[in-house]
Amino acid sequence: SNFRWAMSDLINAFEASHPHQLRQVNASSGILFNQITFGAPFDVMLSANSRYPQQLEQLNLAVPESRFTYAEGKLVLAFSDTMQAIPCSFSNDNHLPTVILSCFTAALTNVRQQRSKLAVANPDIAPYGIAAQQALQHLGLWDVTRQHLVRGSNVGQAYQFVATGNTAAGFVALSQMSALQNQASDSLAYWRVPENWYQPIRQQAILLQSGKKNLAALSFLVFLKTGEAKDIIERHGYTTR
Amino acid sequence: MSLLVSLELQRKAFHISVQTALDSNGVTAIYGHSGAGKTTFLRWLAGLEKNTVGNLVFNNEVWQDENTFLPTQQRQIAYVFQDARLFPHLSVLGNLQYAYQRRFNDNGPLLEHVCEWLDMSHLLENNVTTLSGGEQQRVAIARALLSSPRLILMDEPLESLDQQSKEHILQHLEKLHQQLSAPILYVSHNLEEVNRLADHLLVLQQGKVIAQGSMLELSSRTDLSLSHEDNAASIIVATVDRHDEHYQLSELVVDDDLRVFLTAIDHDINTAVRLRIPARDVSITLEQPKNSSILNILPCVIDEIEIQKSGATHARVLVRLHFANQYLLARLTRKSVDRLKLHSGQKVFAQIKTVALLNEHRY
Amino acid sequence: MSLLVSLELQRKAFHISVQTALDSNGVTAIYGHSGAGKTTFLRWLAGLEKNTVGNLVFNNEVWQDENTFLPTQQRQIAYVFQDARLFPHLSVLGNLQYAYQRRFNDNGPLLEHVCEWLDMSHLLENNVTTLSGGEQQRVAIARALLSSPRLILMDEPLESLDQQSKEHILQHLEKLHQQLSAPILYVSHNLEEVNRLADHLLVLQQGKVIAQGSMLELSSRTDLSLSHEDNAASIIVATVDRHDEHYQLSELVVDDDLRVFLTAIDHDINTAVRLRIPARDVSITLEQPKNSSILNILPCVIDEIEIQKSGATHARVLVRLHFANQYLLARLTRKSVDRLKLHSGQKVFAQIKTVALLNEHRY
Amino acid sequence: MSPHDLDAILLTLKLAAVTTAILLLLGSPLAWWLANTRCRIKPALEAVVALPLVLPPTVIGFYLLLAFAPSSALGQFWLATTGDSLAFSFSALVIGSVLYSLPFVVQPLQASFEQLPKSLLEAAATMGASLKDQFFSIIMPLSKRSFITAASLGFAHTVGEFGVVLMIGGNIPGETQVLSIALYDKVENLQYTEAHWLAGGLVVFSLLLLATIYRFNRPAAIGSIKGVSH
Amino acid sequence: MSPHDLDAILLTLKLAAVTTAILLLLGSPLAWWLANTRCRIKPALEAVVALPLVLPPTVIGFYLLLAFAPSSALGQFWLATTGDSLAFSFSALVIGSVLYSLPFVVQPLQASFEQLPKSLLEAAATMGASLKDQFFSIIMPLSKRSFITAASLGFAHTVGEFGVVLMIGGNIPGETQVLSIALYDKVENLQYTEAHWLAGGLVVFSLLLLATIYRFNRPAAIGSIKGVSH
Ligand SMILES: Nc1ncnc2c1ncn2[C@@H]1O[C@H](COP(=O)(O)OP(=O)(O)OP(=O)(O)O)[C@@H](O)[C@H]1O
Ligand SMILES: Nc1ncnc2c1ncn2[C@@H]1O[C@H](COP(=O)(O)OP(=O)(O)OP(=O)(O)O)[C@@H](O)[C@H]1O
Ligand code: MOO
Ligand SMILES: [Mg+2]
Ligand SMILES: [Mg+2]
């Protein structure tokens with residue numbers, strides 16, 4: 001469900017150039033997966049990871065070979081207004097990895113000292129949660145932050161916790177930050193997490209069995225791979241490869 | 001009607017066992033002390049008591065036996081409960097209409113008539129929850145009568161009414177009863193009411209029938225506790241002979257030659273009526289009294305003198321008098337019995353205060 | 001007690017307006033036809049009627065005025081409701097204990113005693129929902145008495161009881177009443193009960209007080225509807241003179257020289273008692289009867305002859321007799337009045353059947 | 001408010017109305033039977049009725065998902081009878097909501113029925129009222145307050161339903177996207193302003209509706225009887 | 001079953017018990033007042049009480065999240081008093097559950113109180129029973145069935161709560177990870193077997209518990225009075 005904003009723009013662009021109408025159904029990837037296994041009338045699934053599409057393939061619910069990575073998600077650490085002081089600042093382009101590392105460490109320590117919490121998506125189920133865990137492990141802070149973690153059922157919830165000020169900081173998706181900027185509401189301060197701290201979040205799309213003969217579904221998947229689509233996706237804070 | 005009854009019912013320590021056949025079309029009173037089982041018996045007749053062993057056959061229609069149990073709503077009866085049980089969500093009129101709309105046939109009285117004679121026309125729009133006790137009771141009676149039942153069960157329906165309303169309702173009940181021709185089973189512990197209204201009597205004591213028969217017969221028996229009640233009375237049959245317009249009296253003949261007077265009744269000449277003569281209103285003189293305000297003085301023969309045993313009533317004696325074929329009960333002090341040296345077979349005069357005579361409905 | 005009452009209360013078409021002062025320590029009967037406002041009045045006294053304008057002062061304690069409204073639970077009263085209102089989740093014993101545990105003082109009777117004289121010891125374990133009508137009523141009375149109240153309000157408490165239980169309870173109520181020394185306001189439309197029990201009387205008609213005063217005084221007035229009731233009676237005061245063990249009779253003296261007999265009472269010699277003499281039990285002779293079973297024959301003077309107007313009772317006439325300082329009412333047929341040529345001032349003999357005399361509690 | 005939101009609102013109202021109607025039809029006789037039976041299996045049945053209360057909606061939703069799947073018996077039966085697949089259809093939502101809200105209708109009704117004076121039913125029976133007649137002429141009006149409670153609990157619980165619908169609905173706009181899901185979606189979408197408006201509108205509407213219901217729903221006055229007696 | 005699952009079960013039971021206790025304490029007087037008042041604001045207040053019924057739990061959860069934030073009045077007050085932040089604490093869950101389940105306790109009680117024969121309370125008052133005394137000696141035992149209904153609806157609704165807890169809980173094992181969330185996680189995580197076991201256990205446990213409650217809860221017999229009268 002981190003892809004919803006990009007998806008809206010993609011559908012608009014798609015419908016402008018194609019004679020098809022699409023319906024977008026948002027939910028966390030896990031829910032969507034479950035629903036598909038129990039016969040949901042969906043044609044295409046855009047998951048936030050590669051695990052669910054793979055399983056769908058194995059279960060013979062999806063068209064083999066139709067699976068591909070449409071975007072790679074980026075993790076950020078967002079701060080709420082209640083974060084009392086962000087101890088340092090940097091820009092991803094011009095600072096040394098060690099500086100970045102110490103900034104993150106200082107910020108997360110600060111969260112602990114404020115007796116506040118750190119929001120993440122549930123690492124057990126949500127791709128961004130797994131990434132957050134990997135980042136924390138990379139920092140060597142996983143064990144100490146564990147009892148300060150608040151786990152949203154998906155990355156959307158993690159974002160809510162931060163945005164409402166209930167946690168001082170949280171690991172969320174870059175796409176959410178750009179969505180918020182589009183809405184021109186108060187934006188949160190955030191740092192991008194260096195990409196080598198976590199496994200790439202490969203978001204994969206797959207054609208489902210029921211979409212096999214749906215021309216709209218097929219052409220949308222084709223559309224997703226076009227440059228036009230990739231531009232849109234990248235604008236929303238993903239990379240495409 | 002014929003009602004064949006065989007009932008065994010156990011409720012904790014209380015047991016009812018009744019085997020009887022009631023075969024009158026009139027009013028059968030069920031009399032008994034508090035806790036004798038009157039209500040329970042009536043409820044069973046209505047089909048409201050579960051877990052009973054018994055047979056109940058009404059006019060050849062089986063209401064209950066080993067295999068059958070006709071539910072209450074199919075018995076086509078009416079029941080005036082000891083508590084009024086008005087429907088609180090309906091107005092007085094609503095309560096009446098409830099019964100009227102579901103009436104079992106069209107022989108019954110009209111809604112307006114019932115309202116009129118139960119004096120409740122001014123209450124029709126009222127909320128039943130604001131009615132006085134007596135008003136509630138009247139509405140309950142009206143409601144029961146409006147369903148034109150085949151059998152009417154009434155459980156102390158007149159208790160919370162004043163004498164005047166009671167009188168009024170009893171009169172109409174008698175009339176209505178003839179019109180509906182539905183037999184009435186009437187529970188009461190008011191002996192006067194019972195005497196007045198009932199043709200037949202069933203006396204219950206601790207769940208057993210201890211006496212049963214026609215009112216006439218039972219009321220002159222001195223061996224029943226009935227005759228020892230404060231309100232004990234004898235009942236005699238007389239024929240209307242003459243109406244005295246001027247004094248508003250009627251003159252009746254008992255056994256061809258004896259005459260009694262009572263407050264004008266509107267029965268035709270030559271109809272037979274029942275007269276109720278409370279034992280305590282009868283006094284005895286040895287000579288024919290003269291210049292007495294008592295109009296009714298009957299020559300009688302003393303039949304039986306029953307010295308009562310119980311302490312409190314030891315001062316009094318019940319004397320059964322006998323004239324022609326009928327019996328009179330008189331309650332006298334023992335002192336008078338001794339003073340007048342009363343004994344069986346003696347010829348005496350019974351003085352009965354005219355005003356103490358009550359007229360009775362058809363016999 | 002003194003109870004100062006001023007009440008205005010409007011319920012739809014019904015209006016109560018009562019201004020009165022009740023200042024007796026005895027039993028005050030509230031008498032009136034169905035719908036007269038008796039229950040409403042009693043409820044207001046108990047603090048159960050809201051939206052009323054009035055003042056109520058009990059023994060100098062303000063229960064209600066413009067600024068005050070003492071809630072029911074602080075008035076320390078007992079109320080026997082027209083319906084029993086037993087608590088269905090408690091056994092009979094539970095209901096009694098409910099009141100007993102909350103009693104207002106320790107002057108009241110013990111639980112065992114009350115159970116005994118209300119004949120309910122065998123019912124204590126029972127579920128109140130299975131009690132018979134009369135049993136429920138007895139439990140309700142017991143419950144009210146057990147709270148040792150300062151004022152007892154009773155709304156037709158004896159209606160569903162048979163004569164015998166009624167008698168029994170009345171006797172104990174009289175005794176208890178003396179012990180508790182709580183005044184009783186007693187609603188009833190049974191004139192006999194009222195006569196028997198009450199020292200004072202308040203007659204309500206359509207929400208207004210139409211008569212009020214001592215029982216003695218009111219009962220001999222022929223201008224009140226009271227004396228035209230079927231059960232009308234006069235009340236006379238007499239002094240116990242002698243007890244006749246043998247015949248179980250007591251001999252009393254009225255106004256120094258007249259003697260009356262009645263069933264043995266256990267009052268001491270020389271105590272004054274009240275005697276109730278139902279008008280319909282009094283007959284008149286011009287000569288002193290001889291050899292009559294009637295023991296009580298009093299020489300009197302005719303005071304007033306009241307020809308009644310209403311149709312149904314046109315046959316009867318109410319005659320007020322006068323002997324020394326006291327009055328007797330007699331109901332005779334108009335025919336007898338004419339036949340005997342009765343007129344005011346005439347000397348006659350009043351015959352009263354001994355057994356019709358009722359003894360009264362302390363006067 | 002977008003047309004999607006309007007769709008969601010209408011769909012929700014329709015779902016709640018249909019569900020409530022079905023619940024009242026099924027629930028009243030069930031509650032009546034439960035209130036009166038002395039049958040042995042009564043406690044067991046009561047427990048089964050109460051089950052949806054205790055189970056997290058997601059659990060119920062998950063098992064419903066299993067049951068509705070085209071491969072399941074029910075799913076196949078439905079497909080054979082109606083020609084449509086049950087899963088992710090409006091009918092599926094109705095079935096789910098009925099199951100989920102059943103105790104909210106049955107329990108208040110049963111409690112009310114058990115408090116109902118049986119004596120009045122006896123009286124009605126003596127006047128010839130059949131059981132059905134008694135139900136409509138006595139029980140219903142005397143339990144009016146509880147019927148309204150039951151209906152509004154059932155309705156409201158369906159409107160507010162989230163977990164079950166999340167699982168079995170599929171969030172398909174105009175078909176299974178109900179208000180609660182749409183709102184959740186807005187929040188997840190970070191459209192807080194829209195969410196506030198939608199939620200605020202819902203609050204105001206509900207308050208007005210409820211206040212009106214309660215305003216006109218004075219209870220039947222069993223309690224305030226002066227003297228039921230004589 | 002993992003130790004986490006056990007934690008979740010215990011936490012859920014604790015939450016439900018605490019919530020039910022608070023609800024009964026708050027809800028009984030409120031219901032009594034609502035059943036008896038003739039105050040003008042009654043319908044409005046009834047509507048407010050009923051509001052949690054109509055609002056999707058996620059909406060309630062979202063607004064609670066706003067209210068609990070350290071920047072909000074409530075959040076600051078809590079932080080100042082307890083030194084801890086309110087959000088994601090057990091207390092927050094209790095507050096949320098109490099609000100969310102309030103109508104489930106208040107409505108059945110109110111319905112029952114309104115059906116209660118006032119005449120019995122009048123009788124109790126004449127025997128000197130104060131209002132409080134009347135409540136415990138008459139109202140409570142006569143409304144036993146409805147208290148049990150209210151308590152079990154409240155308890156169960158809390159056990160089954162999902163949306164609100166999802167929003168305000170933060171899924172902290174041992175503190176805010178309740179059963180419904182744990183189950184949801186399992187399903188999302190495709191741990192179906194574990195989910196089946198947990199859900200199955202929950203079903204069996206609930207059935208047994210409920211059946212036992214209902215077994216021992218025969219209603220007070222107001223209704224079956226033979227003749228309340230005379
Ligand atoms: N279910 C029951 N369990 C225990 N005792 C019962 C039950 N039903 C009735 N009784 C008892 O049976 C007896 C008869 O009750 P019933 O109501 O028939 O008396 P009744 O003759 O109508 O008296 P009343 O004139 O006082 O109304 C009473 O003592 C009552 O307590
Ligand atoms: N709230 C009310 N609304 C309308 N009428 C009322 C209300 N309360 C009482 N009444 C009327 O007031 C009158 C007096 O009622 P109340 O109960 O005081 O009579 P009562 O003297 O006790 O009669 P009974 O002997 O029949 O019990 C009745 O006609 C009754 O219908
Ligand atoms: O697939 Mo999501 O967007 O983290 O739940
Ligand atoms: Mg009875
Ligand atoms: Mg009254």
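Chain naming here is simple, since letters A, B, ... match the order of the sequence lines and numbering starts at 1 in each.
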Across all chains, not counting sequence neighbours, the side-chain hydrogen bond (donor to acceptor under 3.5 Å, both in side chains) partners of R75(B) are none
message: Using a 6.0 Å cut-off, check whether atom CH2 of W33(D) has over 12 heavy atoms from anything other than its own residue.
response: yes
Hits for ring pair (Phe, Tyr, Trp, His ring centres under 6.0 Å) against F41(B), two or more places apart or cross-chain, chain-then-number order -> none
Under a 4.5 Å heavy-atom criterion, the part of residues 91-100 of chain B in contact with chain D comprises Y98(B), A99(B)
Tell me if the CD atom of E116(B) is crowded by more than 12 foreign heavy atoms within 6.0 Å.
no
Can I get a per-line list of side-chain donor-acceptor pairs under 3.5 Å for residues 52-69 of chain B, giving both atom names and the distance, sequence neighbours left out?
from: T52(B); atom 1: OG1; to: W44(B); atom 2: NE1; distance (Å): 3.2
from: T52(B); atom 1: OG1; to: Q64(B); atom 2: NE2; distance (Å): 3.0
from: N59(B); atom 1: OD1; to: S2(B); atom 2: N; distance (Å): 2.8
from: E61(B); atom 1: OE1; to: R150(B); atom 2: NH1; distance (Å): 2.9
from: E61(B); atom 1: OE2; to: W63(B); atom 2: NE1; distance (Å): 3.0
from: E61(B); atom 1: OE2; to: R150(B); atom 2: NH2; distance (Å): 3.1
from: Q64(B); atom 1: OE1; to: W44(B); atom 2: NE1; distance (Å): 2.9
from: D65(B); atom 1: OD1; to: N67(B); atom 2: N; distance (Å): 2.9
from: D65(B); atom 1: OD1; to: T68(B); atom 2: N; distance (Å): 2.8
from: D65(B); atom 1: OD1; to: T68(B); atom 2: OG1; distance (Å): 2.7

Discussion item. A quick test of your reading: do over 12 heavy atoms of other residues, nucleotides or ligands sit less than 6.0 Å from NZ of K132(D)?
Written reply: no
Value for CZ (R102(B)) from CG (D133(D)), rounded to nearest 0.5 Å, stands at 4.0 Å
The reported gap from CG in L142(D) to CG in L90(B) (rounded to nearest 0.5 angstrom) is 8.0 Å
To the nearest 0.5 Å, atom CE of M127(D) lies from atom CZ of R85(B) at 10.0 Å
Rounding to 0.5 Å, atoms OH (Y79(B)) and CD (E122(D)) come to a distance of 8.0 Å
Discussion item. I'd like to know if the side chain of H89(B) reaches the main chain of S137(D), judged simply by a donor and an acceptor atom lying under 3.5 Å from each other, with no hydrogens or angles considered.
Written reply: yes
T126(D) and P149(B), any side-chain heavy atoms less than 4.5 Å apart | no
Rounded to the nearest 0.5 angstrom, the CG-OG1 distance for L121(D) and T72(B) is 11.0 Å
